[in-house]
Number of protein chains: 2
Amino acid sequence: MAGVSRTTVSLVLNNVRSIQISPETRQKVLDAANELGYVPDATAQALARRRTKLIGLVLTRTQHHIATDAFLPRIISGLLTSAKKQNVRILVDWMETEHPDSAYFELARAKRIDGMILSTPRLDDRALKALEKVDVPTVLMGKIDGLNLPFIDVDNLKAAEKATAYMLELGHRAIACISSAPREYTATPERVGGYQNALTKAGIPINENLIRYADFDPKSGYDCMQSLLQSGESFTAVFVASDNVAIGAKAALREANLRVPDDISLVGFDDIPWAQYSDPPLTTIKLPAELLAQSACELLLDLIQDGNAGQSHQMVLDTELIIRKSCKPL
Amino acid sequence: MAGVSRTTVSLVLNNVRSIQISPETRQKVLDAANELGYVPDATAQALARRRTKLIGLVLTRTQHHIATDAFLPRIISGLLTSAKKQNVRILVDWMETEHPDSAYFELARAKRIDGMILSTPRLDDRALKALEKVDVPTVLMGKIDGLNLPFIDVDNLKAAEKATAYMLELGHRAIACISSAPREYTATPERVGGYQNALTKAGIPINENLIRYADFDPKSGYDCMQSLLQSGESFTAVFVASDNVAIGAKAALREANLRVPDDISLVGFDDIPWAQYSDPPLTTIKLPAELLAQSACELLLDLIQDGNAGQSHQMVLDTELIIRKSCKPL
DNA sequence: ACTCCTTACTAACGCGTGTTACTAAAACGT
DNA sequence: ACGTTTTAGTAACACGCGTTAGTAAGGAGT
């Protein structure tokens with residue numbers, strides 16, 4: 001070093017205001033640090049400060065569903081920009097759903113991260129209840145009613161209702177629904193519920209045979225659509241609650257020689273990059289993914305800083321129906 | 001604790017073999033740890049062991065290109081499985097290309113990570129040369145000729161040649177090429193080079209006017225295809241060096257009332273999930289993304305453990321041409 | 001009875017930083 | 001001239017673990 005104590009260096013580099021350092025020594029320290037190319041050891045800082053400056057993004061899905069998720073890049077992108085702005089880094093982890101309760105805590109208990117964002121939580125996940133009582137700042141990306149955890153989500157119900165209402169306006173009456181994921185995932189009942197609400201408001205009875213539950217990926221969409229086509233039920237429009245699933249659903253329609261929108265109208269959900277370039281361009285619900293991720297990140301950092309300071313940190317974002325060319329008046 | 005020293009606990013929990021512990025005390029320690037729900041503090045371990053058990057995935061792209069990258073999920077999925085197997089975690093970071101040389105080192109210098117994987121490196125990146133001399137285990141996902149850094153990549157040249165040769169076999173002679181990314185990215189010259197090789201071997205002169213450089217996302221593919229169509233050049237087939245770019249390219253063809261494969265044959269690259277469900281199913285080069293990521297991870301962990309133990313850690317994986325229905329004999 | 005080895009454990013230090021309590025010197029006030 | 005405050009800096013401890021060197025107890029050998 002250059003002529004000063006370790007403590008002084010720490011005080012200068014961290015710009016501690018509650019203490020006085022003469023401008024000259026301050027400059028001497030800065031010069032020395034610069035010349036030596038000194039970078040504080042992040043691990044040691046974390047140990048001393050009891051903050052790792054790391055937040056975890058925990059994906060509650062199988063490996064295969066992560067690999068085929070066309071939505072994930074937007075979440076990561078949003079998270080990265082928001083994190084960089086706040087000088088925090090992102091740790092990605094993944095959890096097979098079969099794991100026991102303790103799985104969520106591996107990261108947190110070891111204090112590897114300061115807090116975490118849980119993507120696509122499941123309703124049947126018992127560990128979530130435990131999270132309420134444990135002191136790990138957590139933000140859910142997905143609303144769960146029973147729990148009192150902070151969450152951020154879009155208004156899935158309203159969005160699905162909007163999408164379905166649009167097809168109703170065009171005169172469709174026999175409208176099928178393919179959900180984005182199995183029932184256990186929180187968005188599923190909301191989106192299917194919104195679809196059902198719209199039908200009910202239009203005085204149309206709900207036909208359970210027109211509802212299918214996909215499993216995130218295009219293949220499941222393909223299977224669901226085939227199942228619908230083979231069910232014998234007739235329909236002129238389909239609400240597919242995930243663009244990624246719609247990719248497969250459209251393939252099934254094509255194989256059955258049905259054309260979009262001439263034979264079947266289609267509305268998707270998410271507005272992944274593919275949607276506007278598909279044939280025909282897909283009418284879909286635009287989900288503000290980057291904003292969602294950024295808000296989740298900021299919410300989490302608030303929680304980490306202020307503790308759980310009173311107010312319930314829960315946000316619901318709005319969505320927009322993007323009308324393209326996959327629907328046609330009946 | 002339950003009747004024993006801190007040292008003994010450490011020895012038991014880490015299963016240190018070079019030292020003797022009686023089975024009874026061992027069990028006592030394990031029982032106590034279990035009851036207390038003791039989890040070692042990861043930060044403190046990292047400080048003492050000088051290993052963070054974290055590896056960085058550094059993306060050299062803009063925020064927008066990350067958000068629209070249909071290929072990223074497969075990389076992350078592969079990395080996650082491989083990392084979990086080795087009890088290591090993944091830190092995702094991102095770097096705008098304009099940053100100065102030091103940018104790569106922020107993570108490494110602060111010893112936040114044990115090593116890093118660099119995705120889609122750029123040829124013009126001067127910082128890479130600095131990496132050679134710095135003691136940070138690094139694996140490049142993408143081959144760079146001048147450097148002596150460990151890398152893992154697919155044989156882009158051979159793959160592109162294979163794709164182009166396939167169209168030549170079908171009788172096409174006027175074959176255009178849309179690259180996946182700007183020239184600065186390492187895969188670009190290789191893939192375009194493979195395309196040119198195939199033409200040359202078939203005795204066809206290379207027409208520079210039939211080559212376009214896209215920029216990762218569907219929109220750039222759309223623009224490139226439009227540019228080709230408006231150039232006045234005539235062609236019957238196109239090699240698009242990225243499925244993600246092909247999404248947009250197909251949209252441009254459709255708008256020009258050209259049909260695939262009747263009017264234009266198309267071969268893609270990557271085999272993203274969308275490819276097999278597109279209309280028509282896209283013939284493409286299947287890139288083993290998960291394997292690529294896993295190999296990169298294992299390579300990196302080897303480097304971290306053994307230091308740079310002699311042998312040049314460089315791997316080139318093979319690809320496969322998946323023939324679907326987007327090409328037609330001329 | 002003494003040395004020598006083995007077994008089973010622990011004291012003490014180090015990892016690289018943040019932070020608190022304290023001190024020495026200088027400046028100030030009467 | 002003396003007490004009091006301010007200024008500028010540092011020593012020492014803490015963070016929670018890994019690890020090395022060392023020790024006490026017990027057994028074996030002569």
Using a 4.0 Å heavy-atom cut-off, does A/Thr8 contact any base of the nucleic acid, only the sugar-phosphate backbone, or nothing at all? base
Under 4.0 Å, counting only non-hydrogen atoms across every strand here, what does A/Thr25 touch: a base, just sugar-phosphate, or nothing? sugar-phosphate
Test side chain to side chain contact (heavy atoms under 4.5 Å, CB included) applied to A/Gln305 - qualifying residues, sequence neighbours left out: none
Donor-acceptor pair between A/Asp217 and A/His65 side chains, under 3.5 angstrom: no
When you check the side-chain N and O atoms of A/Thr7 and A/Ser10, is any donor under 3.5 Å from an acceptor? no
Any A/Asp153 side-chain heavy atom under 4.5 Å of A/Glu190 side chain: yes
Side chain to side chain donor-acceptor pair (under 3.5 Å): pairs with one or both residues in residues 34-48 of chain B, sequence neighbours excluded: none
I'd like to know if B/Asp93 and A/Arg89 make a salt bridge, using a cut-off of under 4.0 Å between side-chain N and carboxylate O. yes
Could you check, using the six-membered ring where one of them is a Trp, whether A/Phe71 and A/Phe216 have ring centers closer than 6.0 angstrom? no
At a 4.0 Å cut-off to heavy atoms of chain B, the contacted part of DNA chain C spans C/dA8 to C/dG16
End-to-end axis angle, where each axis spans five pairs of the helix from C/dA1-D/dT30 to C/dT30-D/dA1, to 10°: 60°
State whether the side chain of A/Thr25 and the backbone N or O of A/Ser22 hold a donor-acceptor pair below 3.5 Å, judged by distance alone. yes
When you measure from the side chain of B/Arg112 to the backbone of B/Ile55, do you find a donor-acceptor pair of N or O atoms at a distance under 3.5 Å? no
Strictly under 4.0 angstrom, non-hydrogen atoms only: write out the protein contact profile of nucleotides 13-21 of chain D, one letter per nucleotide from the 5' end, B, S or -. B-BBBBBB-
Output a table of donor-acceptor pairs, distance under 3.5 Å, between side-chain atoms of residues 289-298 of chain B and any protein atom two or more places apart or on a different chain; print 'none' if there are none.
from: B/Gln294; atom 1: NE2; to: B/Thr81; atom 2: OG1; distance (Å): 3.4
from: B/Ser295; atom 1: OG; to: B/Leu291; atom 2: O; distance (Å): 2.7

